[in-house]
Structure formats: structure tokens, C-alpha cells
Protein chains: 2
Amino acid sequence: MRPSKRDELVRKALEIFDRLGYQAAGMDTLVAETGISKTTMFKHFRTKDDLILAVLRYRDETFRNWFFKQLDESGLPPGEKLLHVFDLLEDWFGEPSFKGCMFIKASAEFQEKAHPAHVQSAEHKRLLRQAILELAGQTGVSDPELLTRQVMLLIEGAIVSAQMGTDRDPSAVAKKAARQLLECGMRPQSTVN
Amino acid sequence: MRPSKRDELVRKALEIFDRLGYQAAGMDTLVAETGISKTTMFKHFRTKDDLILAVLRYRDETFRNWFFKQLDESGLPPGEKLLHVFDLLEDWFGEPSFKGCMFIKASAEFQEKAHPAHVQSAEHKRLLRQAILELAGQTGVSDPELLTRQVMLLIEGAIVSAQMGTDRDPSAVAKKAARQLLECGMRPQSTVN
DNA sequence: TGAAAAATGAACAGATCGGTACATTTTAAT
DNA sequence: ATTAAAATGTACCGATCTGTTCATTTTTCA
């Protein structure tokens, strides 16, 4: 199997970057913790940044797969399915290894908006939002675009609050908010200002 | 004037940490960009971490001062004053030098929840939330605590979205959401789940 | 003007950073 | 069993990291 070591590296590096941070985790740390030789690492990835990008790509793929598979398998009607998003967040936050969103953290460590890691992180959020827009469109709400953007804010806020530990159960708070926004959006009324 | 150089260092270091990141900005960079000698820096702060903490303290002080002074001077009634929070965010996001929230970024770079910079960042958010709870309490809403937590999520979400560039005008979206949540909260009705 | 305090510049220490060179060993496929 | 590919270990490179040393200069204030 040819790309096995490479995949193994990406998977293990993901956990380490998530736990220690992208800059704080040096290549020597990766060698020590993965058991993979530095020579092999640099044969598969020309630079550390390339490895980080591969890790982010992998994370984007696995996270979105998990997320939307869970939503689909819930078999809930559109509205409840949209709200179920926050139950999934709760599950995620509850994992003992939860260390926040790797993309938010990447955008914080690599601030320049043109930095590949930043671009990749923004793209992940865009794909997430796009999928949620589809859900919102099926709820019969008058302005699915607005609801989607509001839900995205609640998601990001819940993630950050969980990551910082500034709210005990941010996903429950976010879900209540989302439910009210959903219900208000069902009756086509004025949204002044 | 004795502590002048020290304050000057804190102010200039704040801008540099905000622009480059805490880890990415080395002490040599600080020397080059502030014009303050390394000897002086380490006389005022025993370690780089101490300097970072001083910067965060200063940021907490100036940001909260600005924020709540603006709110008070708006002279708006309680409900509108609470919503005015998001206008202030919009002003902040619009600043050319806006680089996201220094506390969210600090919590991302210093992940361990016991790390002083992380603790300090969480404390900033707590103080912010506490002040917003006072506002929410004056609106006559049935559950000020809930509204406060929801508003905090919207704030964090808007900041992150602005920082990542994943939403054109997150503060406007957040304000609409907050208004609906405020209005829904005025009529004491069921908040199922 | 004179003495104490504060700030400076430059060199340096020891550790770590990302990344390379190269000879050797292990693995995989014929 | 042979051969090519893949992975390894080690030593190393130059740069950068936080932090120190120390002699000198500038500032402050009485």
C-alpha cells in the first residue's frame, strides 16, 4: 500500500496540531509523537505548511462527512433537522479531546487572509454554510439566506464559547435561539433594520 | 515620568501582537518595530509571557472602556441600547486595522485552559457578559440570563466571521437576530427544549 | 551642576526552528 | 531470491527563539 504512511502521518499530525497548535508543534515533536521519521515527512510534504494544508483538507473532509451524515441519518423533518445541527455540536463539544475548531484556530494563527491555511479555513466555512442553506431552504422560511447566516453566527459563537469555556452549554443556548429565529422566520413579517 | 516607557511598550506591543500574532512576533521584531531596546523590555517584563499578559490587560481595559462608554453616551432606551452593541461591532470591524479579537486569538494560540493568557481572555469575556447582563435586565425581558448568553454567542460569531471574512456584514445579521430574540423574549412564552 | 535612574547597543548563550544530506535498513513486488 | 522503492537514524545547516551580560549613554531631578 503506497500512500499508507502518508495518510497515517496526516491523521496523527491532525491530532497533534489540534492539541498543541500549528506553530507550537514543531517537526521534531511530530517525529517524536508519530514515530515517523523526519526524512519520510519531508519526502511526502516539501514544507511544514504543506503538511498543515493536507491536515486541514483532511479535517474538512472528515468533519463535513460526519456532520451531514449524522443530519441525514436523523431522518428529521427540515426544521428539526436544521436545529439538530446544535445537538451535533453538543456531541462534538462533549468529546474529551475537544480542542475547538481547527479552522478558527488556523485563521487565528495564520492571520493574513491570503495565507493558504486561512483561505482553506474560510473555504471550509463556506462549504458548511452552503449545506446549511440547503436545509434552511427546505424549512419554508421566508428568508433562508438570512436564517442561514444567523445560524452560522450561532454555530461559530457556540464553538468559540465552548473552546474558551465561557459558557457551560453554548449549544443548548444556540439551539433555543435558532428555534426562535426559525419560528419568527416562518411568518413573513417585517425585519426592520 | 517613570512608567512612560513601559506604557509605550505595552501600547506598541499590542498593535504588533494584534497584527502578527503572539508567537509569530518575536522579541527581536518588537525591538525593531518599537525602537525600544531589548534590555529595557526585559527590565519591565521578566518574560515575553508577562508582556503578553500586560498587553491583554491593557486591551481588556481600553476595549471595555470604549465599548460601554459608547453605549452609555448613545442615550438609547434599554432595548435599543442592547441592540446598539452590534452597531459598535460594525464600527470595530470597519477599522482598517481590524484583525479580530485579541482574546479569541490568544485562546487559540495558548490552548491550555490554565494558561494565564487563556484565563485572562476568558475573564475578559466574563466581564463583557456581565455588563451585557445588566443591559438585558433593564429591557423587561422574561429571561435576561438567556438573552445575554444568546447575545454573547451572536457577538462571538460575528467577530469570528468578520475575522475570517466568511460573512460580508456579520454585525447586521447578528443585530437582526438579536432584535428578534429580544422581541420574542418580551412575551413570556414557552421556550421548549 | 551633579548624582541616581533609566535606557541603550551589541554581543552572546543555549535551545529550538524548519529543512537537508547520506548511508543504511526495511518493505514490497516480481 | 532479486531488485526497486520506501522508510529510517543521525548528524548537520543556518536562522531564529527567549533571555542575559555589561559597558556606555541618556534622561531625570534635586
Side-chain angles (χ1 to χ4, degrees), chain A residues 1-58 102 105-106 108-112 115-118 120, chain B residues 1-57 105-106 108-112 115-118 120:
Chain A
M1 208 178 291
R2 234 222 258 77
S4 141
K5 259 286 192 284
R6 184 192 155 112
D7 292 354
E8 181 192 349
L9 171 56
V10 171
R11 280 195 307 269
K12 290 183 173 176
L14 186 146
E15 188 275 333
I16 295 168
F17 283 137
D18 190 34
R19 175 161 43 87
L20 303 180
Y22 300 97
Q23 308 187 70
M27 295 304 287
D28 291 320
T29 303
L30 290 180
V31 170
E33 295 215 19
T34 64
I36 298 171
S37 72
K38 197 189 279 194
T39 317
T40 301
M41 290 183 181
F42 280 101
K43 196 173 297 176
H44 285 299
F45 303 98
R46 287 178 45 246
T47 66
K48 184 187 179 183
D49 276 1
D50 284 350
L51 173 58
I52 292 174
L53 286 181
V55 164
L56 289 176
R57 269 191 293 270
Y58 180 67
M102 292 195 73
K105 291 190 290 183
E109 288 204 46
F110 310 106
Q111 296 204 64
E112 311 152 44
H115 191 294
H118 197 117
Q120 186 114 342
Chain B
M1 207 177 289
R2 235 221 260 74
S4 141
K5 258 290 192 274
R6 183 190 155 111
D7 292 353
E8 182 192 349
L9 171 56
V10 171
R11 279 195 308 268
K12 290 183 172 177
L14 187 146
E15 188 274 332
I16 295 167
F17 284 138
D18 190 34
R19 176 161 42 88
L20 303 180
Y22 301 98
Q23 309 187 68
M27 296 302 288
D28 290 320
T29 304
L30 290 180
V31 171
E33 295 215 20
T34 64
I36 298 171
S37 72
K38 196 189 282 194
T39 318
T40 301
M41 290 184 182
F42 279 101
K43 195 174 296 175
H44 286 299
F45 303 98
R46 287 178 46 249
T47 66
K48 184 189 179 183
D49 276 1
D50 284 349
L51 173 57
I52 291 175
L53 285 180
V55 164
L56 289 176
R57 269 190 294 270
K105 290 189 290 183
E109 288 204 47
F110 310 106
Q111 295 204 65
E112 311 153 44
H115 191 294
H118 197 118
Q120 186 113 344

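Since the model is a prediction, treat every value here as computed from it, not as a measurement. Sequence lines set the chain letters: A, B, ... in the order given, protein chains first and strands last, and positions in each chain run from 1.
Residue A/H44 has a polar side-chain atom (N or O) positioned under 4.0 Å from OP1 or OP2 of D/dA7. In this model, the phosphate group of C/dT8 is approached by a side-chain N or O of B/T40 to a distance below 4.0 Å at OP1 or OP2.
Near DNA chain C, meaning a heavy atom under 4.0 Å away, there are no residues from residues 50-57 of chain B.
Side chains of A/F110 and A/I52 form a contact here, defined as non-hydrogen atoms less than 4.5 Å apart. By the 4.5 Å heavy-atom criterion applied to side chains, B/K48 and B/Y22 are not counted as neighbours. Using a 4.5 Å cut-off on side-chain heavy atoms (C-beta onward), B/L30 and B/L51 make contact. At a threshold of 4.5 Å between non-hydrogen side-chain atoms, the residues A/H118 and A/E112 do not count as touching.
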**Study point:** side-chain contact (heavy atoms from CB on, under 4.5 Å) assessment of B/H115 paired with B/D49
**Key:** CA-CA 10 Å; B/H115 191 294; B/D49 276 1; 4.0 Å; yes

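Every residue two or more places apart in sequence or in another chain that forms a salt bridge (Lys or Arg N to Asp or Glu O under 4.0 Å) with A/D28 is listed here: A/K38. Shown here are the side chain to side chain contact (heavy atoms under 4.5 Å, CB included) partners of A/E33, two or more places apart in sequence or in another chain: A/I16, A/R19, A/L20, A/T29. Listed by chain and residue number, nothing satisfies the ring pair (Phe, Tyr, Trp, His ring centres under 6.0 Å) test with B/F45 (two or more places apart in sequence, or in another chain).
At a cut-off of 3.5 angstrom, counting only N and O atoms as typed in the model, there is no donor on one side facing an acceptor on the other between the side-chain of A/K43 and the base of D/dA6.
Of the charged side-chain nitrogens involved, at least one lies within less than 4.0 Å of a carboxylate oxygen, so that A/E8 and A/K12 count as a salt-bridged pair.
Pairing each heavy atom of B/M41 with each of B/V31, the nearest pair is CE-N, 3.6 Å. Pairing each heavy atom of B/V55 with each of B/A13, the nearest pair is CG2-CB, 3.9 Å.
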Review point. Quick one: what's the B/S/- string for nucleotides 11-18 of chain C, heavy-atom cutoff under 4.0 Å, read 5' to 3'?
Key: ------SS

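Axis angle, first five pairs versus last five pairs of the helix from C/dT1-D/dA30 to C/dT30-D/dA1: 30°, rounded to 10°.
Nucleotides of DNA chain D nearest to B/D49 and B/T39 differ in position, and the one nearer the 5' end is that of B/D49.
B/R46 has its CZ atom 8 Å from the P atom of D/dT20, to the nearest Å. Going from atom CD1 of B/I36 over to atom P of D/dT26 covers 18 Å, rounded to whole Å. Atom CG in B/L30 sits about 16 Å away from atom P in D/dT16, given to the nearest Å.
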